[in-house]
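Ligands are counted one by one from 1 in listed order, and the atoms in each one are counted from 1 as well.
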Amino acid sequence: MQVWKFGGTSVGKPERMHSIRTLITADSGRKIVVLSALSGTTNALISMGESAKANNDAEVQEKIDALKAHYDAFIKELYSTEESLKKGQTIVDNEFNFIRSVLKSRPFTLKQDKELVAQGEIMSTQLFQGYLEEQSESSVLLPALDFMRIDTDGEPELETIEALLGDMLDHQTDKQLIITQGFICRNPRGEVDNLKRGGSDYTASLIGGAIRAEEIQIWTDIDGMHNNDPRIVKRTFPIRELTFEEAAELAYFGAKILHPSTITPAKMRGVPVRLKNTMEPQAFGTLIATTTTDREIKAIAAKDGLTAIYIHSTRMLNAYGFLRRVFEIFEKYKTPVDMITTSEVSVSVTIDNDTNLAEITAELSEIADLEEHDRDLSIICIVGDFKADKEGIALKVFEAMKHIPIRMISYGASEHNLSILVWSKDKAEALNVLNERLFYYEDAMKNIFTAQ
Ligand code: ADP
Ligand code: ASP
Ligand code: MG
(Lines give C-alpha, C1' and ligand atoms only; values in the text may rest on other atoms or scores of the structure.)
(Ligands and ions follow the chains in the order given, each with its own letter.)
Protein backbone atom coordinates (compact mmCIF):
# COMPACT_ATOMS: atom_id res chain seq x y z
CA MET A 1 0.00 0.00 0.00
CA GLN A 2 1.18 3.54 -0.72
CA VAL A 3 0.45 6.85 1.01
CA TRP A 4 -0.12 9.85 -1.26
CA LYS A 5 -0.37 13.36 0.17
CA PHE A 6 -1.73 16.36 -1.74
CA GLY A 7 -0.94 19.87 -0.47
CA GLY A 8 -2.99 23.07 -0.44
CA THR A 9 -2.43 24.15 -4.04
CA SER A 10 -2.99 20.59 -5.25
CA VAL A 11 -6.53 20.64 -3.86
CA GLY A 12 -7.08 24.41 -4.11
CA LYS A 13 -9.23 24.44 -7.27
CA PRO A 14 -12.10 22.17 -8.35
CA GLU A 15 -10.22 21.16 -11.51
CA ARG A 16 -7.22 20.18 -9.38
CA MET A 17 -9.42 17.87 -7.33
CA HIS A 18 -10.59 16.37 -10.63
CA SER A 19 -6.96 15.75 -11.66
CA ILE A 20 -6.18 14.18 -8.30
CA ARG A 21 -8.91 11.65 -8.88
CA THR A 22 -7.33 10.83 -12.25
CA LEU A 23 -3.90 10.48 -10.62
CA ILE A 24 -4.96 8.25 -7.74
CA THR A 25 -7.04 5.95 -9.92
CA ALA A 26 -4.56 5.66 -12.82
CA ASP A 27 -3.10 2.48 -11.34
CA SER A 28 -4.81 -0.27 -9.39
CA GLY A 29 -2.69 0.05 -6.22
CA ARG A 30 -4.53 0.57 -2.93
CA LYS A 31 -3.74 3.96 -1.41
CA ILE A 32 -4.18 6.10 1.64
CA VAL A 33 -4.74 9.64 0.35
CA VAL A 34 -3.89 12.46 2.77
CA LEU A 35 -5.27 15.90 1.95
CA SER A 36 -4.39 19.41 3.18
CA ALA A 37 -6.91 22.22 3.42
CA LEU A 38 -7.59 24.17 0.20
CA SER A 39 -4.82 26.76 -0.25
CA GLY A 40 -5.54 29.92 1.76
CA THR A 41 -8.04 28.25 4.09
CA THR A 42 -5.76 27.60 7.07
CA ASN A 43 -4.50 31.20 6.92
CA ALA A 44 -8.10 32.47 6.69
CA LEU A 45 -9.16 30.39 9.71
CA ILE A 46 -6.17 31.58 11.76
CA SER A 47 -7.01 35.14 10.88
CA MET A 48 -10.67 34.65 11.98
CA GLY A 49 -9.37 33.33 15.31
CA GLU A 50 -7.26 36.47 15.72
CA SER A 51 -10.31 38.68 15.15
CA ALA A 52 -12.29 36.61 17.68
CA LYS A 53 -9.50 36.97 20.24
CA ALA A 54 -9.66 40.73 19.69
CA ASN A 55 -13.48 40.56 20.17
CA ASN A 56 -13.95 42.13 16.75
CA ASP A 57 -17.29 40.51 15.81
CA ALA A 58 -17.79 42.55 12.63
CA GLU A 59 -14.42 41.46 11.30
CA VAL A 60 -15.11 37.81 12.22
CA GLN A 61 -18.41 37.98 10.30
CA GLU A 62 -16.76 39.54 7.24
CA LYS A 63 -14.06 36.87 7.16
CA ILE A 64 -16.56 34.02 7.56
CA ASP A 65 -18.72 35.40 4.73
CA ALA A 66 -15.73 35.73 2.39
CA LEU A 67 -14.53 32.17 3.01
CA LYS A 68 -18.03 30.70 2.76
CA ALA A 69 -18.56 32.44 -0.60
CA HIS A 70 -15.34 30.78 -1.79
CA TYR A 71 -16.61 27.32 -0.81
CA ASP A 72 -20.10 27.93 -2.25
CA ALA A 73 -18.49 28.71 -5.62
CA PHE A 74 -15.97 25.83 -5.30
CA ILE A 75 -18.59 23.09 -4.97
CA LYS A 76 -20.53 24.36 -7.98
CA GLU A 77 -17.55 23.50 -10.17
CA LEU A 78 -16.52 20.40 -8.24
CA TYR A 79 -19.70 18.39 -8.71
CA SER A 80 -21.57 17.67 -11.89
CA THR A 81 -24.87 16.20 -10.58
CA GLU A 82 -27.59 18.07 -8.68
CA GLU A 83 -27.64 15.38 -6.04
CA SER A 84 -23.94 15.63 -5.15
CA LEU A 85 -24.05 19.42 -5.27
CA LYS A 86 -26.85 19.29 -2.71
CA LYS A 87 -24.79 16.99 -0.49
CA GLY A 88 -21.76 19.28 -0.95
CA GLN A 89 -23.83 22.32 0.04
CA THR A 90 -24.97 20.52 3.20
CA ILE A 91 -21.32 19.79 4.08
CA VAL A 92 -20.37 23.45 3.56
CA ASP A 93 -23.41 24.82 5.45
CA ASN A 94 -22.88 22.50 8.42
CA GLU A 95 -19.19 23.27 8.54
CA PHE A 96 -19.72 27.03 8.48
CA ASN A 97 -22.38 26.77 11.20
CA PHE A 98 -19.80 24.96 13.30
CA ILE A 99 -17.10 27.56 12.48
CA ARG A 100 -19.51 30.36 13.49
CA SER A 101 -20.34 28.67 16.79
CA VAL A 102 -16.66 28.08 17.66
CA LEU A 103 -15.85 31.71 16.89
CA LYS A 104 -18.61 32.86 19.27
CA SER A 105 -16.93 31.18 22.29
CA ARG A 106 -15.72 33.65 24.88
CA PRO A 107 -13.04 33.56 26.01
CA PHE A 108 -11.67 32.34 22.71
CA THR A 109 -8.90 30.04 23.92
CA LEU A 110 -6.16 27.98 22.26
CA LYS A 111 -8.45 24.95 22.43
CA GLN A 112 -11.09 26.69 20.30
CA ASP A 113 -8.42 28.03 17.99
CA LYS A 114 -7.18 24.50 17.29
CA GLU A 115 -10.69 23.25 16.62
CA LEU A 116 -11.18 26.12 14.23
CA VAL A 117 -8.01 25.58 12.14
CA ALA A 118 -8.79 21.84 11.91
CA GLN A 119 -11.89 22.62 9.85
CA GLY A 120 -9.82 23.31 6.70
CA GLU A 121 -8.70 19.69 6.37
CA ILE A 122 -12.08 18.40 7.56
CA MET A 123 -13.81 20.32 4.73
CA SER A 124 -11.37 19.46 1.93
CA THR A 125 -11.58 15.71 2.68
CA GLN A 126 -15.37 15.66 2.99
CA LEU A 127 -15.77 17.52 -0.30
CA PHE A 128 -13.28 15.24 -2.07
CA GLN A 129 -14.89 12.08 -0.69
CA GLY A 130 -18.23 13.43 -1.98
CA TYR A 131 -16.68 13.86 -5.41
CA LEU A 132 -15.24 10.31 -5.41
CA GLU A 133 -18.68 8.98 -4.44
CA GLU A 134 -20.26 10.94 -7.29
CA GLN A 135 -17.76 9.30 -9.63
CA SER A 136 -18.53 5.84 -8.16
CA GLU A 137 -14.98 5.25 -6.94
CA SER A 138 -14.37 2.69 -4.21
CA SER A 139 -13.34 5.02 -1.37
CA VAL A 140 -13.90 5.74 2.31
CA LEU A 141 -13.09 8.71 4.56
CA LEU A 142 -11.25 7.77 7.77
CA PRO A 143 -11.17 10.67 10.27
CA ALA A 144 -7.57 11.43 11.31
CA LEU A 145 -8.91 12.47 14.72
CA ASP A 146 -9.72 8.80 15.36
CA PHE A 147 -6.12 7.59 15.01
CA MET A 148 -3.59 10.46 14.89
CA ARG A 149 -2.25 11.00 18.44
CA ILE A 150 0.36 13.27 20.01
CA ASP A 151 1.87 13.19 23.51
CA THR A 152 2.13 16.01 26.07
CA ASP A 153 5.19 17.40 24.25
CA GLY A 154 3.28 17.55 20.97
CA GLU A 155 5.24 14.59 19.58
CA PRO A 156 3.36 11.92 17.58
CA GLU A 157 2.89 8.53 19.24
CA LEU A 158 3.79 6.24 16.35
CA GLU A 159 2.93 2.99 18.13
CA THR A 160 -0.54 4.20 19.15
CA ILE A 161 -1.15 5.52 15.63
CA GLU A 162 -0.05 2.16 14.23
CA ALA A 163 -2.46 0.24 16.49
CA LEU A 164 -5.48 2.52 15.98
CA LEU A 165 -5.03 2.91 12.24
CA GLY A 166 -4.27 -0.79 11.74
CA ASP A 167 -7.52 -1.67 13.44
CA MET A 168 -9.50 0.78 11.32
CA LEU A 169 -7.90 -0.47 8.10
CA ASP A 170 -8.77 -4.07 8.99
CA HIS A 171 -12.43 -3.03 8.68
CA GLN A 172 -11.99 -1.41 5.26
CA THR A 173 -10.40 -4.16 3.20
CA ASP A 174 -12.93 -3.75 0.39
CA LYS A 175 -12.05 -0.10 -0.24
CA GLN A 176 -9.44 0.88 -2.81
CA LEU A 177 -8.91 4.47 -1.67
CA ILE A 178 -8.72 5.55 1.97
CA ILE A 179 -9.05 9.30 2.33
CA THR A 180 -7.90 11.13 5.47
CA GLN A 181 -6.92 14.55 6.79
CA GLY A 182 -3.36 15.81 7.08
CA PHE A 183 -2.21 18.15 9.87
CA ILE A 184 -4.85 17.36 12.52
CA CYS A 185 -4.64 15.06 15.54
CA ARG A 186 -5.72 14.64 19.15
CA ASN A 187 -3.63 15.43 22.23
CA PRO A 188 -3.59 13.43 25.50
CA ARG A 189 -6.50 15.53 26.82
CA GLY A 190 -8.58 14.26 23.90
CA GLU A 191 -8.73 17.73 22.37
CA VAL A 192 -8.31 18.53 18.69
CA ASP A 193 -4.70 19.57 18.04
CA ASN A 194 -2.33 19.75 15.08
CA LEU A 195 1.19 18.93 13.87
CA LYS A 196 2.08 22.62 13.28
CA ARG A 197 2.06 24.55 10.01
CA GLY A 198 2.80 22.42 6.97
CA GLY A 199 2.04 19.33 9.08
CA SER A 200 0.19 17.34 6.41
CA ASP A 201 3.55 16.10 5.10
CA TYR A 202 4.26 14.78 8.59
CA THR A 203 0.85 13.05 8.71
CA ALA A 204 1.67 11.27 5.46
CA SER A 205 5.03 10.02 6.71
CA LEU A 206 3.60 8.99 10.09
CA ILE A 207 0.94 6.96 8.31
CA GLY A 208 3.51 5.58 5.88
CA GLY A 209 5.73 4.56 8.80
CA ALA A 210 2.82 3.16 10.80
CA ILE A 211 1.58 0.88 8.02
CA ARG A 212 5.09 0.23 6.68
CA ALA A 213 3.97 1.52 3.30
CA GLU A 214 5.70 0.61 0.10
CA GLU A 215 6.23 4.33 -0.62
CA ILE A 216 5.14 7.77 0.59
CA GLN A 217 4.43 10.28 -2.16
CA ILE A 218 4.20 14.00 -1.38
CA TRP A 219 2.41 15.76 -4.25
CA THR A 220 2.89 19.52 -4.37
CA ASP A 221 3.23 22.48 -6.76
CA ILE A 222 6.87 21.97 -7.76
CA ASP A 223 8.78 19.13 -9.45
CA GLY A 224 10.63 17.91 -6.35
CA MET A 225 13.22 19.23 -3.93
CA HIS A 226 15.25 21.90 -5.70
CA ASN A 227 18.93 22.56 -5.11
CA ASN A 228 18.08 25.97 -3.59
CA ASP A 229 15.04 27.99 -2.49
CA PRO A 230 13.16 28.77 -5.75
CA ARG A 231 11.37 31.68 -4.06
CA ILE A 232 14.68 33.49 -3.59
CA VAL A 233 17.12 32.11 -6.16
CA LYS A 234 16.47 32.38 -9.91
CA ARG A 235 18.32 29.40 -11.36
CA THR A 236 17.37 26.25 -9.47
CA PHE A 237 16.82 22.66 -10.56
CA PRO A 238 15.16 19.56 -9.08
CA ILE A 239 17.36 16.98 -7.36
CA ARG A 240 16.59 13.44 -8.51
CA GLU A 241 17.83 11.58 -5.46
CA LEU A 242 18.53 12.36 -1.82
CA THR A 243 19.37 10.20 1.17
CA PHE A 244 17.07 10.33 4.20
CA GLU A 245 19.81 12.19 6.09
CA GLU A 246 20.25 14.83 3.40
CA ALA A 247 16.52 15.39 3.02
CA ALA A 248 16.09 15.61 6.79
CA GLU A 249 18.79 18.29 7.05
CA LEU A 250 17.20 20.29 4.21
CA ALA A 251 13.70 20.06 5.69
CA TYR A 252 14.94 20.97 9.17
CA PHE A 253 16.98 23.88 7.86
CA GLY A 254 14.19 25.56 5.96
CA ALA A 255 13.34 23.82 2.64
CA LYS A 256 9.63 24.60 2.84
CA ILE A 257 8.61 21.78 0.51
CA LEU A 258 8.80 19.40 3.50
CA HIS A 259 7.65 19.85 7.10
CA PRO A 260 10.85 19.70 9.24
CA SER A 261 9.98 16.32 10.84
CA THR A 262 8.67 14.53 7.73
CA ILE A 263 11.68 12.31 7.18
CA THR A 264 11.92 10.88 10.72
CA PRO A 265 9.16 8.21 10.62
CA ALA A 266 9.92 7.30 6.99
CA LYS A 267 13.61 6.79 7.79
CA MET A 268 12.83 4.88 10.97
CA ARG A 269 10.73 2.37 9.07
CA GLY A 270 12.78 2.50 5.84
CA VAL A 271 9.93 3.77 3.65
CA PRO A 272 11.08 5.73 0.56
CA VAL A 273 9.59 9.22 0.08
CA ARG A 274 8.93 10.56 -3.40
CA LEU A 275 8.21 14.25 -4.07
CA LYS A 276 5.99 14.82 -7.12
CA ASN A 277 4.39 17.74 -8.94
CA THR A 278 0.58 17.59 -9.26
CA MET A 279 0.71 20.07 -12.13
CA GLU A 280 3.39 18.06 -13.98
CA PRO A 281 2.92 14.40 -12.96
CA GLN A 282 5.28 13.07 -15.66
CA ALA A 283 8.26 14.93 -14.11
CA PHE A 284 10.55 12.57 -12.16
CA GLY A 285 10.52 14.63 -8.95
CA THR A 286 12.79 13.59 -6.07
CA LEU A 287 13.28 10.16 -4.56
CA ILE A 288 14.40 10.11 -0.93
CA ALA A 289 15.75 6.75 0.18
CA THR A 290 18.69 5.00 1.83
CA THR A 291 21.33 5.47 -0.83
CA THR A 292 21.78 7.78 -3.77
CA THR A 293 24.26 8.24 -6.54
CA ASP A 294 23.91 11.92 -7.17
CA ARG A 295 26.45 14.77 -6.97
CA GLU A 296 28.65 15.73 -4.03
CA ILE A 297 26.97 19.02 -3.10
CA LYS A 298 23.24 18.46 -3.28
CA ALA A 299 21.39 21.54 -2.09
CA ILE A 300 21.23 24.67 0.00
CA ALA A 301 18.47 25.76 2.37
CA ALA A 302 18.02 28.58 4.85
CA LYS A 303 16.25 28.86 8.16
CA ASP A 304 15.23 32.28 9.47
CA GLY A 305 14.25 33.79 12.78
CA LEU A 306 17.24 32.64 14.82
CA THR A 307 18.67 34.18 17.96
CA ALA A 308 22.34 33.70 18.92
CA ILE A 309 23.36 33.53 22.58
CA TYR A 310 27.03 34.09 23.45
CA ILE A 311 28.18 32.45 26.69
CA HIS A 312 31.61 33.04 28.27
CA SER A 313 33.11 31.46 31.33
CA THR A 314 36.65 31.46 32.60
CA ARG A 315 35.56 28.41 34.58
CA MET A 316 35.24 26.57 31.28
CA LEU A 317 39.04 26.59 30.92
CA ASN A 318 40.06 22.95 31.32
CA ALA A 319 36.77 22.27 33.12
CA TYR A 320 34.37 19.44 32.55
CA GLY A 321 30.64 19.55 33.22
CA PHE A 322 30.23 23.17 32.10
CA LEU A 323 28.53 22.34 28.80
CA ARG A 324 26.21 19.93 30.58
CA ARG A 325 25.08 22.74 32.90
CA VAL A 326 24.54 25.05 29.95
CA PHE A 327 22.45 22.52 28.02
CA GLU A 328 20.43 21.52 31.07
CA ILE A 329 19.05 25.06 31.07
CA PHE A 330 17.91 24.73 27.44
CA GLU A 331 16.45 21.33 28.25
CA LYS A 332 14.55 22.72 31.24
CA TYR A 333 12.83 25.25 28.96
CA LYS A 334 12.24 22.67 26.18
CA THR A 335 14.20 24.87 23.77
CA PRO A 336 16.09 23.06 21.00
CA VAL A 337 19.53 24.38 20.08
CA ASP A 338 20.21 24.53 16.33
CA MET A 339 23.87 25.44 16.09
CA ILE A 340 26.78 25.37 18.54
CA THR A 341 30.35 26.64 18.39
CA THR A 342 32.92 26.53 21.15
CA SER A 343 36.28 28.14 21.94
CA GLU A 344 38.57 27.82 24.92
CA VAL A 345 36.30 29.75 27.29
CA SER A 346 33.18 30.45 25.26
CA VAL A 347 30.24 28.69 23.74
CA SER A 348 27.76 30.23 21.33
CA VAL A 349 24.43 28.68 20.41
CA THR A 350 21.42 29.55 18.27
CA ILE A 351 17.77 28.92 19.04
CA ASP A 352 14.66 29.53 16.95
CA ASN A 353 12.09 29.35 19.73
CA ASP A 354 12.74 32.41 21.87
CA THR A 355 9.60 32.13 24.02
CA ASN A 356 11.70 31.52 27.13
CA LEU A 357 14.71 33.61 26.17
CA ALA A 358 14.48 35.86 29.26
CA GLU A 359 14.35 32.88 31.66
CA ILE A 360 17.14 31.06 29.80
CA THR A 361 19.50 34.04 29.79
CA ALA A 362 18.72 34.75 33.47
CA GLU A 363 19.71 31.20 34.45
CA LEU A 364 22.76 31.18 32.17
CA SER A 365 23.93 34.44 33.82
CA GLU A 366 24.20 32.56 37.12
CA ILE A 367 26.90 30.28 35.72
CA ALA A 368 28.54 32.43 33.02
CA ASP A 369 28.91 35.90 31.52
CA LEU A 370 26.63 36.61 28.59
CA GLU A 371 27.29 38.98 25.74
CA GLU A 372 24.21 40.78 24.38
CA HIS A 373 22.34 38.25 22.21
CA ASP A 374 21.65 38.86 18.51
CA ARG A 375 18.32 38.40 16.74
CA ASP A 376 17.37 38.34 13.02
CA LEU A 377 19.88 35.70 12.05
CA SER A 378 19.59 32.95 9.44
CA ILE A 379 21.36 29.62 9.10
CA ILE A 380 22.48 28.79 5.59
CA CYS A 381 22.77 25.03 5.37
CA ILE A 382 24.76 23.36 2.58
CA VAL A 383 23.87 19.70 2.26
CA GLY A 384 25.67 16.93 0.45
CA ASP A 385 28.01 14.02 0.77
CA PHE A 386 30.95 15.52 2.70
CA LYS A 387 33.03 12.48 3.61
CA ALA A 388 36.05 13.33 5.73
CA ASP A 389 38.44 12.75 2.82
CA LYS A 390 36.70 15.22 0.48
CA GLU A 391 38.79 18.30 -0.23
CA GLY A 392 37.97 21.84 -1.23
CA ILE A 393 34.29 22.09 -0.28
CA ALA A 394 34.83 24.70 2.44
CA LEU A 395 37.09 26.67 0.11
CA LYS A 396 34.37 26.98 -2.55
CA VAL A 397 31.78 27.97 0.05
CA PHE A 398 33.86 30.68 1.71
CA GLU A 399 35.22 32.00 -1.56
CA ALA A 400 31.63 32.58 -2.69
CA MET A 401 30.74 34.26 0.60
CA LYS A 402 33.89 36.36 0.94
CA HIS A 403 31.95 39.67 1.03
CA ILE A 404 29.25 38.47 3.47
CA PRO A 405 29.76 38.81 7.26
CA ILE A 406 29.62 35.43 9.00
CA ARG A 407 28.58 35.02 12.67
CA MET A 408 29.12 31.28 13.19
CA ILE A 409 30.23 28.17 11.26
CA SER A 410 29.46 24.52 11.92
CA TYR A 411 31.11 21.69 9.97
CA GLY A 412 31.98 18.11 10.77
CA ALA A 413 29.03 17.23 13.00
CA SER A 414 27.62 15.05 10.26
CA GLU A 415 28.87 14.06 6.83
CA HIS A 416 25.98 15.92 5.22
CA ASN A 417 25.93 19.45 6.53
CA LEU A 418 27.95 22.63 6.53
CA SER A 419 26.06 25.42 8.30
CA ILE A 420 26.82 29.11 8.33
CA LEU A 421 25.07 31.74 10.44
CA VAL A 422 24.56 35.12 8.74
CA TRP A 423 22.42 38.18 9.30
CA SER A 424 18.99 37.59 7.75
CA LYS A 425 19.40 40.72 5.62
CA ASP A 426 22.30 38.97 3.85
CA LYS A 427 20.49 35.66 3.32
CA ALA A 428 19.22 36.22 -0.23
CA GLU A 429 22.66 37.37 -1.38
CA ALA A 430 24.33 34.38 0.31
CA LEU A 431 21.92 31.88 -1.29
CA ASN A 432 22.46 33.42 -4.73
CA VAL A 433 26.26 33.59 -4.67
CA LEU A 434 26.51 30.07 -3.27
CA ASN A 435 24.15 28.85 -5.96
CA GLU A 436 26.31 30.24 -8.74
CA ARG A 437 29.59 29.03 -7.21
CA LEU A 438 28.51 25.54 -6.13
CA PHE A 439 26.20 24.56 -8.99
CA TYR A 440 27.14 26.56 -12.10
CA TYR A 441 30.76 27.75 -11.84
CA GLU A 442 32.50 24.52 -12.84
CA ASP A 443 30.25 24.04 -15.88
CA ALA A 444 30.77 27.65 -16.89
CA MET A 445 34.56 27.17 -16.64
CA LYS A 446 34.40 23.97 -18.71
CA ASN A 447 32.46 25.83 -21.41
CA ILE A 448 35.03 28.61 -21.52
CA PHE A 449 37.91 26.14 -21.94
CA THR A 450 36.14 24.02 -24.57
CA ALA A 451 35.28 27.18 -26.51
CA GLN A 452 38.94 28.26 -26.57
P1 ADP B 1 2.07 22.24 -0.18
O2 ADP B 1 0.96 23.23 -0.02
O3 ADP B 1 1.87 21.29 -1.33
O4 ADP B 1 2.42 21.55 1.11
P5 ADP B 1 4.29 24.05 0.18
O6 ADP B 1 3.98 25.46 -0.21
O7 ADP B 1 4.27 23.74 1.63
O8 ADP B 1 3.33 23.09 -0.64
O9 ADP B 1 5.72 23.60 -0.38
C10 ADP B 1 6.03 23.78 -1.74
C11 ADP B 1 6.81 25.08 -1.93
O12 ADP B 1 8.05 25.00 -1.22
C13 ADP B 1 7.23 25.37 -3.34
O14 ADP B 1 6.21 26.01 -4.07
C15 ADP B 1 8.47 26.24 -3.17
O16 ADP B 1 8.20 27.60 -3.32
C17 ADP B 1 8.89 26.04 -1.71
N18 ADP B 1 10.28 25.64 -1.55
C19 ADP B 1 11.17 26.18 -0.70
N20 ADP B 1 12.37 25.61 -0.79
C21 ADP B 1 12.26 24.63 -1.73
C22 ADP B 1 13.16 23.70 -2.31
N23 ADP B 1 14.44 23.61 -1.92
N24 ADP B 1 12.69 22.88 -3.28
C25 ADP B 1 11.43 22.94 -3.70
N26 ADP B 1 10.50 23.80 -3.19
C27 ADP B 1 10.92 24.64 -2.23
N1 ASP C 1 -3.22 23.22 6.18
C2 ASP C 1 -2.05 23.20 7.05
C3 ASP C 1 -1.22 24.45 6.82
O4 ASP C 1 -1.56 25.25 5.97
C5 ASP C 1 -1.25 21.95 6.90
C6 ASP C 1 -0.60 21.73 5.54
O7 ASP C 1 -1.01 22.32 4.55
O8 ASP C 1 0.34 20.94 5.49
O9 ASP C 1 -0.24 24.63 7.50
MG1 MG D 1 3.51 22.18 2.80
Side-chain angles (χ1 to χ4, degrees), residues 4-13 16 20 33-47 49 67 113-114 116-125 144 148 180-185 192-207 216-240 242 246-262 273-280 283 285-286 288 297-304 378 380-384 427-428 431 434-435 439:
W4 289 24
K5 175 257 169 178
F6 292 90
T9 27
S10 305
V11 292
K13 295 210 166 108
R16 299 247 162 89
I20 291 180
V33 178
V34 177
L35 300 188
S36 291
L38 313 195
S39 51
T41 296
T42 308
N43 286 347
L45 294 168
I46 289 172
S47 156
L67 192 66
D113 210 12
K114 287 182 170 168
L116 177 69
V117 298
Q119 301 314 309
E121 272 69 13
I122 292 181
M123 280 197 280
S124 65
T125 45
M148 203 40 88
T180 194
Q181 296 89 12
F183 181 55
I184 63 175
C185 57
V192 175
D193 213 313
N194 62 62
L195 301 173
K196 310 217 171 69
R197 293 308 305 269
S200 298
D201 303 328
Y202 199 15
T203 303
S205 68
L206 285 164
I207 294 178
I216 298 159
Q217 297 197 354
I218 309 278
W219 289 79
T220 181
D221 58 1
I222 188 162
D223 53 352
M225 176 76 80
H226 277 223
N227 68 311
N228 208 328
D229 192 330
R231 297 166 299 177
I232 299 172
V233 174
K234 270 191 226 99
R235 291 210 281 180
T236 65
F237 54 83
I239 310 163
R240 282 177 79 87
L242 283 170
E246 290 164 344
E249 300 269 14
L250 287 168
Y252 183 74
F253 286 105
K256 194 202 167 212
I257 187 170
L258 285 178
H259 177 284
S261 308
T262 311
V273 179
R274 201 181 280 277
L275 309 182
K276 294 284 289 178
N277 188 350
T278 318
M279 271 57 89
E280 217 185 309
T286 300
I288 301 164
I297 296 179
K298 296 278 180 62
I300 309 170
K303 180 171 174 170
D304 298 328
S378 296
I380 308 280
C381 169
I382 299 140
V383 166
K427 177 185 83 168
L431 289 180
L434 284 168
N435 201 58
F439 298 106

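Shown in contact with G7 at under 4.0 Å from a heavy atom are these atoms of ligand 1, numbered in order with element: 1 (P), 2 (O), 3 (O). Remark: ligand 1 atoms within the under-4.0 Å shell around heavy atoms of M225 are 23 (N), 24 (N).
No hydrogens or angles considered: nothing links the side chains of H226 and D229 as a donor-acceptor pair under 3.5 Å. Side-chain polar atoms of R235 and N227 form no donor-acceptor pair below 3.5 angstrom.
The protein heavy atom nearest to atom 15 (C) of ligand 1 is P230 CG, 4.0 Å. Scanning all protein heavy atoms for the shortest distance to atom 5 (P) of ligand 1 gives K256 NZ, 3.7 Å. Protein heavy atom closest to atom 24 (N) of ligand 1, with residue, atom name and distance, is H226 N, 2.8 Å. Protein heavy atom in closest approach to atom 2 (O) of ligand 1: G8 N, 3.2 Å. If you check which protein heavy atom lies closest to atom 9 (O) of ligand 1, you get I257 CA, 3.5 Å. K5 NZ, 3.1 Å is the protein heavy atom nearest to atom 4 (O) of ligand 1.
Residue contacts with ligand 1 leave out L258, since none of its heavy atoms falls under 4.0 Å from the ligand.
If you check each of I222, D221, T220, D201 against atom 14 (O) of ligand 1, the one with the closest non-hydrogen atom is D221. For atom 25 (C) of ligand 1, the nearest non-hydrogen atom from the set G224, A255, A302 comes from G224.
Remark: R274 pairs with E215 by the salt bridge (charged side-chain N to carboxylate O under 4.0 Å, His left out) rule, at least two apart or across chains. Residues forming a side chain to side chain contact (heavy atoms under 4.5 Å, CB included) with S200 (at least two apart in sequence, or on another chain): K5, S36, E121, F183. Taking D304 as the reference, S378, K427 meet the side-chain hydrogen bond (donor to acceptor under 3.5 Å, both in side chains) condition, with sequence neighbours excluded.
Taking each heavy atom of G120 and T41 in turn, the nearest pair found is CA-CG2, 3.7 Å.
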Determine, stepwise, if the pair T220 / K256 fulfils side chain to side chain contact (heavy atoms under 4.5 Å, CB included).
CA-CA 11 Å; T220 181; K256 194 202 167 212; over 6 Å; no
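Between atom CG of residue N228 and atom CG of residue L434 there is a gap of 8.0 Å, rounded to the nearest 0.5 Å. Distance check: I218 CD1 to N277 CG gives 13.5 Å after rounding to the nearest 0.5 Å.
For the pair R16/M279, a side-chain contact is recorded, criterion being any heavy-atom separation below 4.5 Å from C-beta on. The closest side-chain heavy-atom distance from T286 to R240 is not below 4.5 Å.
Looking at L250 against ligand 1, nothing comes within 4.0 Å, counting heavy atoms.
Around ligand 2, the residues contributing at least one heavy atom under 4.0 Å from the ligand are S36, T42, E121, F183, R197, G198, G199, S200.
Between F439 and F237, the ring planes lie perpendicular to each other; the angle is over 60°, past the 30° to 60° tilted range.
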